[in-house]
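Structure first, commentary second.
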There are 2 protein chains.
Amino acid sequence: MDNKEIQEKRMRGYFIEATREMLKGEGLKSINVRAVADRAGYSYATLYNYFKDIKELIFICVQGFQEEAETFINSKTKKSKPGIERISERTKAYIEYFTQYPGIFELFFLEKLNTLSGKQPTANLIFTFYDRITAEDWEYCVRENIFTRDEVASRTKILKYSITGILLMYMNRMHPESYKDFLADVDQLLETGLRTK
Amino acid sequence: MDNKEIQEKRMRGYFIEATREMLKGEGLKSINVRAVADRAGYSYATLYNYFKDIKELIFICVQGFQEEAETFINSKTKKSKPGIERISERTKAYIEYFTQYPGIFELFFLEKLNTLSGKQPTANLIFTFYDRITAEDWEYCVRENIFTRDEVASRTKILKYSITGILLMYMNRMHPESYKDFLADVDQLLETGLRTK
DNA sequence: TAAATATATTAACAATGTTCATTATATTTG
DNA sequence: CAAATATAATGAACATTGTTAATATATTTA
């Protein structure tokens, strides 16, 4: 990588970091070309020397946040017992990450990806995220004859869809009204998805 | 209601109808003050004589769409057998309505309601919609000893959350990739939510 | 019909995304 | 090192959209 590439990468990094901070802090609605460039220490026009448009910049952040979320989930479930118990705890950590950063949830699930460049790969990345987070433990369940492969396929889907749904409703502040009730519903979803026959 | 009120109501109706048409057709992103006013046959500024802002106008449409959706669902399930079967069919009709009008789904579930005036009542209206659509048949199930009240509470939640989740993922064109696969997953959710013990 | 009132419209401003010509800076070359 | 050249950063400018204020038009009333 020659000097030019290094410098360009660095520049892109400044803008990406500024966008990340704003997404984590005030969320998507606070993002605009001038604010991001300001925070990065450059003029709004400079941004266009390094990115096609502001959407590209936002969309680049998705991957980084997934890595961050995964690290968070790993650190929270280091000592968990493999299998059902760890799926439950990793799911809760997954939820905790998003409730901590509503702007990131918004970016992942509410932003209509059609509008983002390079749509398809990102959409897939997001869609398969929960699967990747829990895959290892579902495998464990199959190996230990806790569930059949078919059961795993069906339970994964139910959990993925219902967890996404409850997050959506809670994040839009629709329901449940309190964090406590929200967590109780999450527990119930996990109970049904993991422990019932 | 005196003349003035009649006329005012009529004027509001023109703007609301224009907004409805655009939401059903091209969705939220096509809505802007000038386009709505154009379609209604007035200047953009006239809109402000009848509505606080464009958000109020959009938000007024929610209730109308719910009534339309309910009518659609009723007409699709006139002959269904009460109970589990009708819950299943009404849920599918509910899904069909939203897949037919992605803009309305977007308005109901993706639009951050914080930004809409009169937030809370609308949020509640949306959150309880699926419950209202299926309430009668859940009652039937309790009466006929098909489920206990507790089972109903838990099953309703699972279905509501997972149906919302799968709609979200499908509508954002993330997954499943084909309508057929999507319907298959819906069937599976219904199967699990309604027929398993 | 003329004055008073209500309503609709045009003009104008602010915020935001984007492009481009110009300016400033860094690099190369004689 | 100084001039020439390439590169990068910037401000001016335009388009779109939401919104408000001033103006024009229509309606009502005396």
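Proteins come first, then strands; the chains are lettered A, B, ... in the order of their sequence lines, and each starts at number 1. Predicted model only: the values in this text are computed from it and were never measured.
Around the NZ atom of B:Lys76, the shell of radius 6.0 Å holds no more than 12 heavy atoms that belong to other residues, nucleotides or ligands.
The nucleotide whose nearest atom lies closest to any side-chain atom of B:Tyr48 is, among D:dT19, C:dT10, C:dC20, D:dT19. Among the nucleotides C:dT18, C:dT9, D:dG11, the one closest to any side-chain atom of A:Asp53 is C:dT18. With C:dT9, D:dT10, C:dG17 as the candidates, the nucleotide lying closest to the side chain of A:Ser43 is D:dT10. Here the nucleotide nearest the side chain of B:Ile54, chosen from C:dT19, D:dG18, D:dA9, is D:dG18.
Here A:Tyr44 does not reach the OP1 or OP2 of C:dT19: none of its side-chain N or O atoms lies under 4.0 Å away.
Rounded to an integer number of Å, the gap from CD of B:Glu56 to C1' of D:dT19 is 14 Å. Remark: C1' of D:dT16 and CG of B:Asp38 are 14 Å apart, rounded to the nearest angstrom. Computed from coordinates, the A:Leu28 CG to C:dG17 P distance equals 11 Å when rounded to whole Å. Taking atom CG on A:Leu47 and atom C1' on D:dA8, their separation rounds to 14 Å, with Å as the unit. Taking atom CG on A:Asn49 and atom P on C:dG17, their separation rounds to 17 Å, with Å as the unit. When rounded to the nearest whole Å, the span between NZ of A:Lys4 and C1' of D:dA6 equals 10 Å. The distance from atom OH of B:Tyr14 to atom P of C:dT7 is 14 Å, rounded to the nearest whole Å. Between the CZ atom of A:Phe51 and the C1' atom of D:dA9 there is a distance of 15 Å, rounded to whole Å.
Here A:Tyr50 lies in heavy-atom contact (under 4.0 Å) with sugar-phosphate atoms only. Among the protein residues, A:Asn32 comes within range of the sugar-phosphate backbone only, with heavy atoms under 4.0 Å from sugar or phosphate atoms but none that close to a base. Nucleic acid contact for B:Tyr42: sugar-phosphate only, since backbone atoms but no base atoms lie under 4.0 Å from a heavy atom of the residue.
For the pair A:Lys92 and A:Tyr97, the cation does not sit on the ring face, since its NZ or CZ is not both under 6.0 Å from the ring centre and inside 45° of the axis. Cation-pi geometry between A:Arg34 and A:Tyr44 is met: the NZ or CZ atom falls under 6.0 Å from the ring centre, inside 45° of the normal.
A salt bridge does not link B:Lys55 to B:Glu111: none of the charged side-chain nitrogens sits closer than 4.0 Å to a carboxylate oxygen.
Nearest-nucleotide positions on DNA chain D place A:Thr46 closer to the 5' end than the other of A:Arg34 and A:Thr46.
The heavy-atom pair separating A:Lys24 from A:Ile104 by the smallest distance is CG-CD1, 3.7 Å.
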